[in-house]
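Residue numbering restarts at 1 for every chain, and letters A, B, ... go by the order of the sequence lines. The shown structure was predicted, so the numbers you read here are calculated from the model rather than taken from an experiment.
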2 protein chains.
Amino acid sequence: MITMSDVARAAGVSVMTVSNVLNERTNVGADTRLRVLEVVEELGYEINLTARRLRSGRTGTIGLIVPQFDLHYYGELASRISEALAPEGMHLVVEQSGASRERELSALSLARLQQYDGVLLSAVGLDMADLDRIHPDVPIVLLGEQAVPERYHRVRMGNVEGARLATEHLVGCGARRVAVLGGKTSAPHPEMATYRTDGWSQALDQAGLPHDPALVIPLTTYSIAEARSAISAAVDGGLEVDAIFAVTDEVAIGALAGLHDAGLRVPEDVQLAGFDNLGISAHLVPGLTTIDPDHPTLVTEALRLLRRQLKDRTADPEHVVSGARLVARGTTRGRSAP
Amino acid sequence: MITMSDVARAAGVSVMTVSNVLNERTNVGADTRLRVLEVVEELGYEINLTARRLRSGRTGTIGLIVPQFDLHYYGELASRISEALAPEGMHLVVEQSGASRERELSALSLARLQQYDGVLLSAVGLDMADLDRIHPDVPIVLLGEQAVPERYHRVRMGNVEGARLATEHLVGCGARRVAVLGGKTSAPHPEMATYRTDGWSQALDQAGLPHDPALVIPLTTYSIAEARSAISAAVDGGLEVDAIFAVTDEVAIGALAGLHDAGLRVPEDVQLAGFDNLGISAHLVPGLTTIDPDHPTLVTEALRLLRRQLKDRTADPEHVVSGARLVARGTTRGRSAP
DNA sequence: TCCGCGAGATGTATCGTTAAATCTCGTGGC
DNA sequence: GCCACGAGATTTAACGATACATCTCGCGGA
């Protein structure tokens, strides 16, 4: 391994001068700078980021912690963030916390957090108390829906509003019995599913429709496979619905398959709406009606909050909520979106 | 920040003893060990991985570099690898190289590679010459299909064989004009698309079917959206086919939508087969016939090759090819898979 | 002539940990 | 009673970079 002192020796200057050149600091003569750069090139020297980090604290790397790589939502999120950071010379690495409280806590250990200049955390397994226990010296922005202590900076979607829009749309398209797939009416701590179920519930109230508890179909992993079998089972079990609000697009994809298994047509027999507006959702057959949570704003805002903390550790925490917009497609019988 | 010497002072021992305790080394008395652990707990001390890495070289972290987070294949890959590493106490972080040569090279800079104990590289933008130029001191295993210098350890799928199986299956189900979506007949360097096109081509030869160059529909990003519009455009342009072999499932999903746009039914008018057996493929409507590249083996073998290099830097390079298996589902008219 | 100044370069201490060498005893063999 | 031995603990010197203080000069002003 070639170090800075190898370069310094070869260029006939001090280590400090090499460091100054590479960090574009002042007080280096033009000719010296050139000589150093030549030698760097010639020896193929590259800086040791570990050493720099230990000494200076800066890493140039942002960490994103997500529950699962293979939920499409997180893949898209990671991709967007990575692209947004690239032009600033920052660099994203993604870790999977595995959706369990235990692994999420381990991903949030000081040891692991220290490795980043900042962390974007999309937690699901942690509750308020866990988050309260963590006092990292690294800027963190929470992405997500669960309740969090005030001191955290945070960006989230307009869950209740979005779910209400989706459900209203289903009702507006003639639905009278709207199930919520992945719904959750009570939980020790509010989270994505409870908020979206609230929105569903509000829309039903507003429309004067009853909400039969049988219409809430719970899920635990929110995977396509689980959603599919849940829907199949529900229909086989005699559940009668004319519409389904799926709490995520991933779940809606499973519902599409499950309804097909049960011999029901979408949207003729049962209408369907999701939430997230995944890239794939526009390309399903039929196209999935869904809620667009305004991904670009989510990303922009999350990075803005992060940069703000990077500049000023004591910046006041901010909670940002992105707007929700309905995207009507083939799984519902309404007119197309504007 | 609390350091080891804070712990040492509080426990009335030397820093080295704390280090010995935390690293479970011998020559520490039982009572001393307990006292140290108590103090660690009490102060909430966590090791500084950066310092450890600088001194010892070990990081406990494996890097996975993929072109795009939002291609479903890579999300699933990352998830599988992450789960496989967890029980060994190793830890996966994923980076996106953005599919461009430039960004891929930057992800492979010594500086970035040094951060990991080992690297799994799923490169697409790099050619043989680029890979030949890189001489990292970190164990690398290449995952993927392009031609690579002999000295690299590598795991890949049975591309040609798989593509042949898929195409044979289509032909066996009565297809006579089989297009290859995402196909590429010539390229400066062989890659995923060329190998799979070769397999398609072999199957046609074997069946005595001509391969009209118009049947090769090229793509550049292999995204769902691109595939969809390519198929729409091809059909609108007068292309007549009774089957499509899509080089990836992602592309097949786009084809499904594109065929629907063109008013063609699957599998009645046009049969369809993909490659990769993504998680979602079983849950499309109709279910996607595809090639299963044996993901578990791919992951197991990749990690085996990595561990082998971790143990012995000079281990002879190995090239592993996983087996391909047809999974017949609703997009083709054959009997179901065994 | 002398001093102050600043550009250009260097020296030194340090970040927090670990490898390797060293020190300190109590014990058992002869 | 002496010495070898090894468990238990400590000391020392890095790992490769950077922050900060310092040094050297040539030059212009008093």
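Between the side chain of H295(B) and the main chain of D276(B), a donor-acceptor pair closer than 3.5 Å is present. Checking side-chain atoms of Q309(B) against main-chain N and O of I140(B) turns up a donor-acceptor pair under 3.5 Å. A donor-acceptor pair under 3.5 Å links the side-chain atoms of E46(B) to the main chain of L110(A), judged by distance alone. In terms of modelled atom types and a separation under 3.5 Å, the side chain of T300(A) and the main chain of P296(A) share a donor-acceptor contact. Checked by atom type and distance alone, the side chain of Y74(A) never pairs as donor or acceptor with a backbone atom of S122(A) at under 3.5 Å. Distance alone, capped at 3.5 Å, places no donor-acceptor pair between the T297(B) side chain and the S322(B) backbone. Within the 3.5 Å criterion, the main-chain N or O of L71(A) finds no donor-acceptor partner in the side chain of E250(A). Put simply, the side chain of R313(A) gets close to the backbone of D137(A): a donor and an acceptor are under 3.5 Å apart. No donor-acceptor pair under 3.5 Å is formed between the side chain of H153(A) and the backbone N or O of A302(A). Under the 3.5 Å distance criterion, the side-chain polar atoms of S14(A) are matched with a main-chain donor or acceptor of T17(A).
Considering only residues two or more places apart in sequence or on other chains, R35(A) meets the salt bridge (charged side-chain N to carboxylate O under 4.0 Å, His left out) condition with none of them. For D130(B), the side chain to side chain donor-acceptor pair (under 3.5 Å) criterion is met by R101(B), R133(B), not counting sequence neighbours. Qualifying side chain to side chain contact (heavy atoms under 4.5 Å, CB included) partners for E318(B), counting only residues two or more places apart in sequence or in other chains: R304(B), L305(B), R308(B), V320(B). For Y116(B), the side chain to side chain donor-acceptor pair (under 3.5 Å) criterion is met by E95(B), not counting sequence neighbours. A search for side chain to side chain contact (heavy atoms under 4.5 Å, CB included) contacts involving A84(B) returns V299(B), L303(B), not counting sequence neighbours.
For DNA chain C, no neighbouring residue in residues 41-52 of chain A is found when judged by any heavy atom under 4.0 Å. At a non-hydrogen distance threshold of 4.0 Å, nothing from residues 105-118 of chain B comes into contact with DNA chain D. Within a heavy-atom distance below 4.0 Å of DNA chain C, the residues of residues 10-17 of chain B found are M16(B). Using a 4.0 Å cut-off on heavy atoms, the residues of residues 23-32 of chain B that approach DNA chain D are N27(B), V28(B), G29(B), T32(B), listed by number.
Bounding nucleotides for the chain A contact on DNA chain C, 5' to 3', at a heavy-atom distance below 4.0 Å, are dA7(C) to dG16(C).
A rotation axis mapping the C1' atoms of four pairs onto the next four is fitted at both ends of the helix from dT1(C)-dA30(D) to dC30(C)-dG1(D) over five pairs, and the angle between these axes is 60° to 10 degrees.
As a whole-Å value, the separation of R33(B) CZ from dA9(D) C1' is 13 Å. Taking atom CG of N20(A) as the reference point, atom C1' of dA17(D) lies 12 Å away to the nearest angstrom.
Looking at which nucleotide of DNA chain D each of R55(A) and L54(B) is closest to, the 5′-most match is held by L54(B).
For the side chain to side chain donor-acceptor pair (under 3.5 Å) condition, the pairs that include at least one residue of residues 48-60 of chain A, sequence neighbours left out, are N23(A)-R52(A), T59(A)-D117(A).
In this structure, CZ in R25(A) is found 5.0 Å from CG in N20(A), a value given to the nearest 0.5 Å.
Using a 4.0 Å cut-off between a side-chain N of Lys or Arg and a carboxylate O of Asp or Glu, D70(A) and R80(B) do not qualify as a salt bridge.
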